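Below, read A as the first sequence line, B as the second, and so on, with proteins coming before strands; counting in each chain starts at 1. Note that the coordinates shown come from a computational prediction; the quantities given were computed from them, not determined experimentally.
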2 protein chains.
Amino acid sequence: MNAITVLLVDDHLVVRSGLRALLGTQPDIDVVAEASSGEEALERVQEHSPAVVVMDLAMGPGMDGIEAIRRIRERNGRQAILVFTTYDSDADIVRAVDAGAMGYLLKDAAPEEIFAAIRGAVQGKSVMSPPVASRLFQQLRNPDEILTPREAELLSLLTEGLSNRELGQRLFISEATVKTHLAHIYAKLGVETRAAAIATAIRREGMR
Amino acid sequence: MNAITVLLVDDHLVVRSGLRALLGTQPDIDVVAEASSGEEALERVQEHSPAVVVMDLAMGPGMDGIEAIRRIRERNGRQAILVFTTYDSDADIVRAVDAGAMGYLLKDAAPEEIFAAIRGAVQGKSVMSPPVASRLFQQLRNPDEILTPREAELLSLLTEGLSNRELGQRLFISEATVKTHLAHIYAKLGVETRAAAIATAIRREGMR
DNA sequence: AGGGCTCTCAGCCATTTGGCTGATACGGCT
DNA sequence: AGCCGTATCAGCCAAATGGCTGAGAGCCCT
């Protein structure tokens with residue numbers, strides 16, 4: 001039987017080594033290449049056409065994981081992409097699945113979980129770490145809490161520490177509109193002040 | 001020649017595997033044990049008395065890396081402790097060095113850097129990743145920007161999104177005093193609003 | 001055509017925050 | 001004893017923020 005070919009994408013060498021060592025114990029899984037950036041990932045996919053791409057979302061400067069997923073899916077849809085990352089950030093999960101990820105694993109997942117996810121991915125099965133799945137489920141249950149694109153944009157700038165006036169100037173809208181958006185954001189995030197919104201956003205949405 | 005005995009502490013199995021794989025290539029370095037939590041790290045140190053402890057700061061629930069460093073140094077000062085983590089947060093660096101860490105490496109360090117750090121550590125040399133060293137240097141150069149303990153405490157609570165009133169209640173001081181501290185914090189962080197202070201604090205101090 | 005969502009803006013008012021000045025108290029250092 | 005840093009508190013005032021109501025325009029979907 002043919003082994004499942006895998007490409008590892010992570011900007012940390014130790015993580016790639018660790019995955020390679022772990023996956024090396026499985027005869028039916030074959031790590032054929034590694035990449036340390038989104039750009040490199042695209043090249044390796046072209047070269048090797050791996051069956052599965054295991055990818056960290058957080059990568060240094062340049063293309064991030066989400067963008068890499070999108071590009072891989074666009075030009076070469078045959079790969080199953082597994083996200084393998086440290087954080088179970090709501091926004092990341094949604095964006096990764098949206099971009100075309102087949103599964104979302106946390107880095108503290110047990111080896112068996114990882115193996116199962118890779119084997120499942122080639123068969124078109126979607127795999128999530130339990131904590132990730134429960135978060136996704138919550139999101140689906142509470143559509144009220146999903147920010148509109150404009151609100152997300154504003155929230156992102158909010159975490160830069162801008163004032164209402166500055167937000168308005170940056171987005172070419174009046175301060176009144178800024179306040180309206182903010183009020184909606186607060187309601188959706190379940191907070192009452194801008195400070196709490198920033199704290200929530202940075203911590204929970206992974207806006208580092 | 002006797003190999004350098006090493007204990008790996010990281011809550012992520014893949015990271016431990018990766019480090020083990022990397023360090024396994026060096027004949028003079030011998031990984032004698034692994035731990036996935038601060039508590040476990042203490043036990044392993046007792047059991048194996050490794051020459052070097054390579055430790056991640058961020059670990060799941062329970063004892064964090066800083067606390068683990070402190071405890072190891074307290075009861076058994078013979079180990080050289082190397083911090084090996086993802087973030088170059090100012091606060092973490094200072095606290096880790098304060099707790100007794102010999103060096104501070106980032107996870108994207110080159111293998112040679114890691115080997116050199118371990119070898120240097122047993123000889124009492126202090127090793128820092130270049131970006132880490134430069135941050136520390138900046139801290140030393142700008143003593144004006146170092147927060148007092150009370151200010152740091154307040155800033156920490158600030159990132160929870162509390163109001164001045166709540167801050168006062170939590171710290172058993174008047175709102176007036178809270179405002180005084182805040183003004184000092186803003187000046188030291190070089191910001192003008194609480195929002196910017198929170199953003200700066202969370203991003204730069206690693207207050208996740 | 002109508003309903004719903006998003007984005008935009010306005011005005012009013014209460015609360016919060018920030019800037020400023022000045023003050024007291026304690027501890028350590030010289 | 002005197003100085004400095006830290007921590008505490010007060011009062012005043014301007015600016016920013018948040019809560020509320022209401023409203024028009026564009027868009028998509030049925």
Side-chain angles (χ1 to χ4, degrees), chain A residues 90-91 94-95 98 139-202 205, chain B residues 91 94-95 98 139-202 205 207:
Chain A
D90 293 351
V94 173
R95 288 193 304 150
D98 200 50
Q139 279 241 340
L140 293 178
R141 257 198 350 182
N142 294 337
D144 287 356
E145 288 185 11
I146 295 180
L147 300 181
T148 67
R150 194 58 160 171
E151 287 163 359
E153 194 178 1
L154 212 140
L155 179 58
S156 169
L157 287 176
L158 192 64
T159 65
E160 308 275 318
L162 303 185
S163 68
N164 289 349
R165 182 186 310 274
E166 291 169 320
L167 289 171
Q169 290 169 348
R170 197 76 86 81
L171 296 176
F172 306 106
I173 57 181
S174 78
E175 231 176 298
T177 306
V178 169
K179 289 175 68 175
T180 303
H181 284 311
L182 284 180
H184 293 160
I185 290 173
Y186 296 163
K188 291 183 180 179
L189 293 184
V191 300
E192 292 186 335
T193 68
R194 129 186 331 237
I198 293 174
T200 302
I202 297 185
E205 303 291 343
Chain B
V94 172
R95 288 192 305 150
D98 200 50
Q139 281 238 338
L140 295 178
R141 253 197 354 177
N142 293 335
D144 285 358
E145 289 185 9
I146 293 180
L147 301 180
T148 68
R150 195 57 158 171
E151 286 163 359
E153 195 178 358
L154 213 141
L155 179 59
S156 169
L157 287 176
L158 192 63
T159 65
E160 307 277 318
L162 303 185
S163 69
N164 289 349
R165 183 187 309 274
E166 291 169 319
L167 289 171
Q169 289 170 348
R170 197 76 86 83
L171 296 175
F172 305 106
I173 56 181
S174 78
E175 233 178 294
T177 306
V178 170
K179 288 174 69 173
T180 304
H181 284 311
L182 284 180
H184 293 160
I185 290 172
Y186 297 162
K188 290 183 180 179
L189 293 185
V191 299
E192 292 185 337
T193 68
R194 116 178 352 223
I198 294 174
T200 302
I202 297 186
E205 304 289 344
M207 287 180 178

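- Atom OG1 of B:Thr193 is separated from atom CD1 of B:Ile198 by 8.5 Å, given to the nearest 0.5 angstrom.
- Rounded to an integer number of Å, the gap from OH of B:Tyr186 to C1' of D:dA15 is 14 Å.
- Side-chain contact check for B:Leu155 versus B:Leu189: some heavy-atom pair is nearer than 4.5 Å.
- Expressed to the nearest 0.5 Å, how far OG1 of A:Thr159 lies from CG of A:Leu157 amounts to 7.5 Å.
- The separation between A:Arg165 atom CZ and D:dA15 atom P is 10 Å, rounded to whole Å.
- Note: CG (B:Leu182) to P (C:dT16) measures 15 Å, nearest angstrom.
- In this model, the phosphate group of C:dT16 is not approached by any side-chain N or O of B:Asn164 to a distance below 4.0 Å at OP1 or OP2.
- In this structure, B:Tyr186 and B:Arg194 approach most closely via the heavy-atom pair OH-CB, 3.0 Å.
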Provide a list of protein-nucleic acid N or O atom pairs under 3.5 angstrom, restricted to nucleotides 6-9 of chain D.
| unit_1 | atom_1 | unit_2 | atom_2 | d |
| --- | --- | --- | --- | --- |
| D:dA7 | OP1 | B:Arg150 | N | 3.1 |
| D:dA7 | OP2 | B:Thr148 | OG1 | 2.4 |
| D:dT8 | OP1 | B:Arg150 | NE | 3.1 |
| D:dT8 | OP1 | B:Arg150 | NH2 | 2.8 |
| D:dT8 | OP2 | B:Arg150 | NE | 3.1 |
| D:dT8 | OP2 | B:His181 | NE2 | 2.6 |
| D:dC9 | OP2 | B:Ser174 | N | 2.6 |
| D:dC9 | OP2 | B:Thr177 | OG1 | 2.9 |
| D:dC9 | O5' | B:Thr177 | OG1 | 3.4 |
| D:dC9 | N4 | B:Thr180 | OG1 | 3.0 |

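- What separates CZ of B:Arg194 from P of C:dT16 is a distance of 11 Å, to the nearest Å.
- Listed by chain and residue number, A:Leu162, A:Ser163 satisfy the side chain to side chain contact (heavy atoms under 4.5 Å, CB included) test with A:Glu166 (two or more places apart in sequence, or in another chain).
- Atom pair B:Glu166:CD and C:dT15:P shows a separation of 16 Å (rounding to whole Å applied).
- Following rounding to the nearest Å, A:Leu189 (CG) and D:dG18 (P) show an atom-to-atom distance of 12 Å.
- Comparing C:dG18, D:dA16, D:dG18 against the side chain of B:Lys179 picks out C:dG18 as the nearest.
- Distance, A:Leu154 CG to C:dT6 P: 15 Å, rounded to whole Å.
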Can I get a per-line list of side-chain donor-acceptor pairs under 3.5 Å for residues 167-175 of chain A, giving both atom names and the distance, sequence neighbours left out?
| unit_1 | atom_1 | unit_2 | atom_2 | d |
| --- | --- | --- | --- | --- |
| A:Ser174 | OG | A:Ala176 | N | 3.2 |
| A:Ser174 | OG | A:Thr177 | N | 3.2 |
| A:Ser174 | OG | A:Thr177 | OG1 | 3.2 |

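- Rounded to whole Å, the distance from CG on A:Leu162 to P on D:dT17 is 10 Å.
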